[in-house]
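One-based numbering, in listed order, for ligands and for the atoms of each. Side chains included, hydrogens not; waters and symmetry mates left out as well; all remaining heavy atoms used.
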Amino acid sequence: MASILENRPALAHEVEQVAEVAGYLWQKGWAERNGGNITVNVTEYIDDEIKAMPAISPVYPIGAVLPHLKGCYFYCKGTNKRMRDLARWPMENGSFIRILDDCASYVIIADNPVKPTSELPSHLAVHNYLIGKGSNYKASLHTHPIELVAMTHCPKYLQKDVATRLLWSMIPETKAFCPRGLGIIPYQLPGSNELAESTIHELGDYDVTIWEKHGVFAVDTDIMNAFDQVDVLNKSAQIYICAKNMGFEPDGMTDEQMREMSVAFNLPK
Ligand code: 13P
Ligand code: ZN
């Protein structure tokens, strides 16, 4: 049977980008076993032929009513699937889903009936939120970056914007490329609606959030950009930890240097 990606270069490009990022996540050590998940809103690439494709799965409930997702389509990593496998075989380790008209359930339409990630409630609630506010963000990424997750085991870094300021001050580019900083989300059960709700709440102020003692959840226009934001933040966390391992508390950039940086790059204060 032909793949949905055949003769659809734009859709295929989206999946290729996901596969490339999945490879990076594995190489970085952020994707042990099935750790992490990715979803991309691909509705803009959906043609009439795809709209007519039959379901290849039962109807699954989302667990919430998400009105802005009516008729939307997503590429989703499969639950229990490994990023390192998805990097090579994205259509065997992920699938395309269609949200049904009740806005509360979905079916899989291609290529294989791979059940989407267990974090689908968070991903879909976030996409619903993004569409609702007219955002051009299409991709969401959940991953387990070692140093950032380690920091969430210390109450100091769970206070609002403490980690953000520390990470921004480690290297000038961090604020330039993650200008909204890191939102903190207290521990919630993975895959729960409570986790989804807290994530949406924080995404009002941040593009990257961290789930305490678990991992990050980031959004951006495409999956490469979402990955880059997490990558620059985790690089700063590594520099901080490296300095601590050398036996000293790093100075960090001064307030004056941060201000100069913000003006030069036209960043929020
Ligand atoms: P899935 O394999 O269901 O995507 O779960 C991985 C994960 O990181 C859960 O938080
Ligand atoms: Zn996880």
Q) Considering only the protein, which heavy-atom contact is closest to atom 10 (O) of ligand 1, and what is its distance? A) Glu119 OE2, 2.5 Å

Q) Between Lys115 and Tyr60, is NZ or CZ placed under 6.0 angstrom from the six-membered ring centre and within 45° of the ring axis? A) yes

(Q) Please list, in number order, the atoms of ligand 1 under 4.0 Å from a heavy atom of His214. (A) 10 (O)

(Q) So, taking the atom named CH2 in Trp211 and the one named CG in Leu189, what distance separates them when rounded to the nearest 0.5 Å? (A) 10.5 Å

Q | Nitrogen or oxygen of Lys81 less than 3.5 angstrom from that of ligand 1 | A | no

Q: Could you tell me the angle subtended at the Zn ion (ligand 2) by NE2 of His214 and NE2 of His144, rounded to 10°?
A: 100°

**Q.** atom 7 (C) of ligand 1 - nearest protein heavy atom and its distance
**A.** Asn37 ND2, 3.4 Å

Q | Electrostatic pair Lys235-Glu173, nearest N-O below 4.0 angstrom | A | no

Q: Using a strict 4.0 Å cut-off to heavy atoms of His142, name the atoms of ligand 1 that fall inside it.
A: 8 (O), 10 (O)

(Q) For Glu119 and Asn37, which I'm curious about, is there any donor-acceptor pair between the side chains at under 3.5 Å? (A) no

(Q) Which heavy atom of Phe177 sits nearest to which heavy atom of Gln229, and what is that distance? (A) O-CG, 3.6 Å

**Q.** ligand 1 atoms in contact with His144 (distance to a heavy atom under 4.0 Å)
**A.** 8 (O)

Q) Are Glu14 and Tyr75 close enough that a side-chain donor and a side-chain acceptor fall under 3.5 Å? A) no

Q. Does a donor on one side chain and an acceptor on the other come within less than 3.5 Å for Arg98 and Tyr73?
A. yes

(Q) Does Asn41 form a side chain to side chain contact (heavy atoms under 4.5 Å, CB included) with Leu130? I'd like the steps, not just the answer. (A) CA-CA 11 Å; Asn41 183 344; Leu130 292 171; over 6 Å; no

**Q.** For Asn34, atoms of ligand 1 separated by under 4.0 Å from a heavy atom
**A.** 1 (P), 2 (O), 5 (O), 6 (C)

Q. Quick one: does Trp211 get an N or O within less than 3.5 Å of an N or O on ligand 1?
A. no

Q: Select the closest option to atom 3 (O) of ligand 1 among Asn80, Ile38, Thr79, judged by heavy-atom distance.
A: Thr79

Q: Taking only heavy atoms of Lys77 into account, list the atoms of ligand 1 that are under 4.0 Å away from them.
A: 1 (P), 2 (O), 4 (O)

Q.
Same cluster or not: Tyr24 versus Ile223, using hydrophobic residues (I, L, V, M, F, W, Y) connected whenever any side-chain heavy atoms lie under 4.5 Å apart?
A. yes

Q: Decide whether Ser122 and His142 meet the rule of one side-chain donor and one side-chain acceptor closer than 3.5 Å.
A: no

Q: Note the single closest protein heavy atom to atom 5 (O) of ligand 1, along with its residue, its atom name and the distance in Å.
A: Ser118 OG, 3.4 Å

(Q) Checking a contact table here: which protein heavy atom is nearest atom 8 (O) of ligand 1, and how many Å away? (A) Gly36 N, 2.9 Å

**Q.** Heavy atom of the protein closest to atom 4 (O) of ligand 1 (residue, atom name, distance)
**A.** Thr117 OG1, 2.7 Å

Q) Does Gly35 reach ligand 1 with a nitrogen or oxygen that is under 3.5 Å from one of the ligand's nitrogen or oxygen atoms? A) no

